[in-house]
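Notes follow once the structure below has been shown.
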Amino acid sequence: RNSSQVDSQRPRREDTLGIMSLGPVQVMAAGAEEEKAENARLSCFVGAIAIGDLVKSTLGPKGMDKIMVSYSNPGNVQVTNDGATILKSIGLDNPAAKVLVEVSKTQDSEVGDGTTSVTVLAAELLKEAEQLVEKNIHP
């Protein structure tokens, strides 16, 4: 898009001199909460590590199955130990957790295997990085 198309989509308001100016653009959804600094960093770590822990138990020859029930259709029950299937099925709002899901999807599309392994590996690296950050050491 060119700049005139972008400008035409932004809300405009007139200032006291009658000159059109660009108004503020709302980025967050209504009712969304904003986290800053240490709280935001901590919640990203927690979300990503939780995703790794979720699929960790499905890894390997003795990996456990997960039972997934759809909230929109409670009669739809699925049993799987495939990390990629589990990660595709869950809804996330944590940015770091979304990155781990994207890593898993990329691994699946490029290689076709190892989706759970890359997710668990990335989550473990983040767990170690979290400990370094707590000690004020740059990971």
Side-chain angles (χ1 to χ4, degrees):
R1 291 192 259 174
N2 62 32
S3 62
S4 64
Q5 289 174 326
V6 172
D7 290 343
S8 66
Q9 294 177 355
R10 290 185 181 160
R12 293 183 178 264
R13 59 189 161 119
E14 289 191 36
D15 63 10
T16 55
L17 299 175
I19 302 172
M20 297 296 284
S21 65
L22 295 177
V25 177
Q26 184 174 354
V27 177
M28 296 175 61
E33 294 182 22
E34 182 179 4
E35 292 182 337
K36 293 182 180 181
E38 193 61 34
N39 288 339
R41 185 179 304 119
L42 181 62
S43 88
C44 282
F45 278 128
V46 168
I49 292 168
I51 292 297
D53 289 342
L54 175 69
V55 295
K56 186 188 296 186
S57 63
T58 67
L59 192 59
K62 294 187 178 185
M64 297 172 53
D65 290 342
K66 300 282 185 186
I67 299 173
M68 298 187 304
V69 179
S70 171
Y71 285 109
S72 61
N73 183 7
N76 185 11
V77 177
Q78 188 176 5
V79 178
T80 184
N81 70 352
D82 179 36
T85 303
I86 294 167
L87 293 174
K88 288 177 188 173
S89 301
I90 57 177
L92 299 168
D93 61 356
N94 183 295
K98 286 180 182 180
V99 169
L100 287 188
V101 171
E102 285 302 314
V103 166
S104 173
K105 287 179 182 178
T106 303
Q107 178 74 12
D108 191 34
S109 68
E110 294 292 323
V111 181
D113 195 19
T115 55
T116 304
S117 299
V118 298
T119 305
V120 171
L121 176 63
E124 289 299 319
L125 290 172
L126 283 170
K127 198 179 288 186
E128 295 299 317
E130 180 184 26
Q131 292 174 2
L132 293 173
V133 168
E134 286 175 359
K135 295 176 184 176
N136 292 327
I137 300 172
H138 190 283

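- Contacts of Asn76 classified as side chain to side chain contact (heavy atoms under 4.5 Å, CB included), with partners at least two apart in sequence or in another chain: Ser70, Asn73.
- Across all non-hydrogen atoms, the minimal contact from Ala122 to Leu100 is CB-CD2, 3.3 Å.
- The list of salt bridge (Lys or Arg N to Asp or Glu O under 4.0 Å) pairs with a residue in residues 74-85, not counting sequence neighbours, is empty.
- Grouped by direct or indirect side-chain proximity (heavy atoms under 4.5 Å, Ile/Leu/Val/Met/Phe/Trp/Tyr only), Val69 sits with Ile67, Val77, Val79.
- With sequence neighbours left out, the side chain to side chain contact (heavy atoms under 4.5 Å, CB included) criterion links Ala96 to Cys44, Ala48, Asn94.
- Note on residues 70-80: no pairs pass salt bridge (Lys or Arg N to Asp or Glu O under 4.0 Å), not counting sequence neighbours.
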List the atom pairs, with distances to 0.1 Å, where a side-chain N or O of residues 51-61 and a protein N or O form a donor-acceptor pair under 3.5 Å, not counting sequence neighbours.
{"residue": "Lys56", "atom": "NZ", "partner": "Glu124", "partner atom": "OE2", "Å": "2.9"}
{"residue": "Ser57", "atom": "OG", "partner": "Lys66", "partner atom": "NZ", "Å": "2.9"}
{"residue": "Thr58", "atom": "OG1", "partner": "Val55", "partner atom": "O", "Å": "2.6"}

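- Applying the salt bridge (Lys or Arg N to Asp or Glu O under 4.0 Å) test to residues at least two apart or on different chains, the pairs with a partner in residues 96-110 are Lys88-Asp108, Glu102-Lys105.
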Taking distance alone, no hydrogens or angles, what donor-acceptor pairs closer than 3.5 Å link side-chain atoms of residues 131-139 to residues at least two apart or in another chain?
none

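- Residues Met68 and Thr85 form a side-chain contact, since some pair of their non-hydrogen atoms from C-beta on lies under 4.5 Å apart.
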Quiz: residues 111-119 side-chain donor-acceptor pairs under 3.5 angstrom, not counting sequence neighbours:
{"residue": "Thr116", "atom": "OG1", "partner": "Gly83", "partner atom": "N", "Å": "3.3"}
{"residue": "Thr119", "atom": "OG1", "partner": "Thr115", "partner atom": "O", "Å": "2.8"}

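- Under the 4.5 angstrom side-chain criterion for Ile, Leu, Val, Met, Phe, Trp and Tyr, the cluster partners of Leu42 are Val46.
- A search for side chain to side chain donor-acceptor pair (under 3.5 Å) contacts involving Asn81 returns nothing, not counting sequence neighbours.
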